[in-house]
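Here is the structure we will look at.
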Amino acid sequence: MAESYYQILFIVSFILSAVYVFIWNKHFDVDITAIFIIVPISNLGYLMYYQVMPDIKMLQMMVKLVYLAACYLTFFITMCILTICDIKIKNKIRNICYVISSLLYISVLSVGHSNIFYKSMTVIEKNGGYSVSKEYGYMHSVLYFVLIIYTLIGITALFAGIKKSQVSNKIIILLFIPEVASIAGYFVNRFLADNVEIMPLISVLSQIMLLIIVYKMSMLSIGDTAVEAMVNNGDTGLISVDKNSNFLNSNETARTLFPILNKVKVETPISKIDTLGEMIQSWIKNLETEKKDKNIVKFENDPSTDVDDEYYIASVKPLNNGNKILGYQIYISDDTEGQKYIELVKNYNKQLEEEVKEKTKHIIDMHDKLILGMATMVESRDNSTGGHIRRTSKVVSLLVQQKNSLPESFKNKIIKAAPMHDIGKVTIDDAILRKPGKITDEEFEKMKSHTSEGARIIHEILKDTDDDEFKIIAENVAHYHHEKWDGSGYPKGLKEEGIPLEARIMAIADVYDALVSKRVYKESYSFEKVNEIILEGMGTQFDPDLKDMYERARRGIEDYYKGLERS
């Protein structure tokens, strides 16, 4: 039974050390590494101790393996505590402690040759088995005394570490367990059976605690040596948080920029760090949702002083373990000069942009007036359509305002293009265009060419414009405003959605004005009659999907024409 107990503990300690080897990196504390070396060796000694009985010589050799942990485990744990709790001790003192532990182990090596550690060691046969009777020498008592001193130093350091903001309370608790257990095991063992030792179990427990500590310490680590040199000796501030948004660590530069960090305890939720915590949370959110890893932080100084505001770049980088994110590192660097330059360029660009906008607006206004002037000139040749351009443009405007699904840019451009829909009439002979009565079929065929000619003229006028969308809309309005939904229109005989939307809207405005206006060949129709004709044409002449738009705009269109009559 005892042998199985030691076999299991040796296997577990070996596996734990193997795990440590696989996760090891150069930032792991040398004292922790030493613990993971000596514990499996010591546990192997315990296992073999009970396998070699009753051979007294072999038992004495196994004792020398067993006491590796006894002489060094508490020493290394105490040194580890001092390092983690950021308590500096001189190398001379550490070396003296190491020498003391080594002298104790040398006294262990004297077993079988001297009585300073074991005065005697006898194998006793009892109940079909064996037990070992030992009489301790004075160095064994010295060992207890030294272990007690180490433990007291370690516990004192742990209590001191609790008061330090840069030391994790969770790690302190985890360190407390092996520190106390390693000494308590020697005294507890006195009350156990002769063939059962509790120290191998305590050593394994220490390994488990230290593996957890190593994981947590890897999260608290600032990073690679090159990065450490940059952030500790340069002007770059560093703040580390874990994946659960708990504060892990910061360097001196960050604590200078944000003095509140001097009071923040490790593993404190950053949500509790007032304004800084809110900023860090927003930076991490930017990285996670917008893939934005750089943020500008502005420190506003007292406006009554001559001190300029300061700007910093906060860069967020994930702490990865393979594909798994363990936390985040926030690098904060001074960017005041860069931001001043950017602000200078922005102000210059803004001024330049305003000047360009003003000149561009002037050119656009001239361009629009030129287009409107040409359209008006064409209209002046047609003695039957006076004011048609202005009225149809207004009707187009009233129609598109009722179509919320249309982009504002499209609405503005079709309104601007509407006056150009009949510009092709400039190519029609006056004999046809100014004929006082109804034109013949032959004349109508020539009249229909104004659509294609209009598209050609607009293409030439706007071919160098930067606004390709407006150019296409204007060409389509001129070219296809006489096309019909059922395909019976001209010049191409397009049907349904094959007719551009802007031309379908223009067709309603064009026909509406033609019906409500008096022409040389007809009288004006009433609003009721016009409305009836328009609605009847939905699905044959006009796009039925525009019916709702027309009906919502109808009242406004009628009010507009009534206003023209009064004026």
Side-chain angles (χ1 to χ4, degrees), residues 23 25 27-29 32 80-81 83-87 157-178 208-224 227-228 230-232 236-295 297 312-333:
I23 67 172
N25 70 56
H27 296 289
F28 285 4
D29 189 83
I32 296 178
C80 180
I81 288 172
T83 300
I84 293 175
C85 292
D86 197 26
I87 297 174
L158 288 172
F159 279 108
I162 291 175
K163 300 177 182 179
K164 294 191 175 186
S165 62
Q166 298 298 312
V167 181
S168 167
N169 284 348
K170 292 180 181 178
I171 288 181
I172 288 176
I173 293 171
L174 290 172
L175 282 169
F176 187 83
I177 295 172
I208 294 171
M209 294 297 103
L210 288 171
L211 274 180
I212 298 172
I213 290 168
V214 162
Y215 171 77
K216 287 188 170 292
M217 285 177 62
S218 68
M219 293 296 301
L220 298 176
S221 174
I222 283 181
D224 293 331
V227 176
E228 286 180 352
M230 177 186 72
V231 299
N232 287 324
T236 301
L238 177 73
I239 302 172
S240 300
V241 300
D242 65 20
K243 64 179 180 180
N244 297 317
S245 295
N246 297 317
F247 172 74
L248 293 179
N249 208 342
S250 63
N251 68 344
E252 187 62 34
T253 306
R255 291 192 288 273
T256 301
L257 289 173
F258 303 101
I260 192 173
L261 290 174
N262 291 301
K263 301 178 182 178
V264 177
K265 189 75 176 175
V266 170
E267 296 185 324
T268 297
I270 60 174
S271 58
K272 295 183 179 180
I273 315 178
D274 300 330
T275 305
L276 175 59
E278 294 174 3
M279 285 196 294
I280 293 175
Q281 285 179 312
S282 69
W283 299 338
I284 294 174
K285 185 178 180 181
N286 286 344
L287 179 67
E288 293 174 338
T289 59
E290 303 175 18
K291 304 302 180 183
K292 174 185 175 184
D293 65 343
K294 290 189 177 180
N295 307 268
V297 187
Y312 290 83
I313 293 179
S315 301
V316 183
K317 304 293 180 185
L319 285 165
N320 294 319
N321 182 12
N323 295 324
K324 184 179 179 182
I325 294 180
L326 302 178
Y328 299 91
Q329 287 184 324
I330 296 95
Y331 298 87
I332 304 172
S333 55

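As the structure is a prediction and not an experimental result, all values here were calculated from the model.
Scanning for side-chain contact (heavy atoms from CB on, under 4.5 Å) contacts around Lys285 gives Thr289, with sequence neighbours left out. The side-chain contact (heavy atoms from CB on, under 4.5 Å) search around Pro269 returns Asn246, Ser271, Lys272, not counting sequence neighbours. Residues that satisfy the side-chain contact (heavy atoms from CB on, under 4.5 Å) test with Ser245, not counting sequence neighbours, are Ile270. Taking Ile208 as the reference, Leu16, Val204, Ile212 meet the side-chain contact (heavy atoms from CB on, under 4.5 Å) condition, with sequence neighbours excluded.
Nearest heavy atom pair, residue Gly161 against residue Cys85, reads CA-SG, 4.0 Å. Closest heavy-atom contact between Leu261 and Ala254: CD1-O, 3.7 Å. For the residue pair Thr236 and Asn251, the shortest heavy atom distance occurs at O-ND2, 2.9 Å. Across every non-hydrogen atom of Cys80 and Ile32, the tightest pair is SG-CG1, 3.5 Å. Heavy atoms only, all atoms of each residue included: Phe247 and Val241 are closest at CA-CG1, 4.2 Å. Nearest heavy atoms, Tyr328 versus Pro318: CD2-CA, 3.9 Å.
The shortest distance between side-chain heavy atoms of Val264 and Leu276 does not fall below 4.5 Å.
With values rounded to the nearest 0.5 angstrom, Thr256 atom OG1 is found 11.5 Å from Ile332 atom CD1. Distance check, rounded to the nearest 0.5 Å: CD of Glu252 to CG of Leu257 gives 10.5 Å. A distance of 8.0 Å separates CD1 of Ile260 from OG1 of Thr275, quoted to the nearest 0.5 Å. Annotation: the span from Asn249 atom CG to Glu267 atom CD amounts to 11.0 Å, rounded to 0.5 Å. Atom OG of residue Ser250 and atom CD1 of residue Ile330 lie 10.5 Å apart, to the nearest 0.5 angstrom. Going from atom CD1 of Ile239 over to atom CD of Gln329 covers 11.0 Å, rounded to the nearest 0.5 Å.
When each of Leu175, Ile87, Ile171 is checked for a side chain to side chain contact (heavy atoms under 4.5 Å, CB included) with Ile81, only Leu175 meets the rule.
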- Item | Step-by-step side-chain contact (heavy atoms from CB on, under 4.5 Å) determination, Ile23 to Val214 | CA-CA 9 Å; Ile23 67 172; Val214 162; 3.9 Å; yes

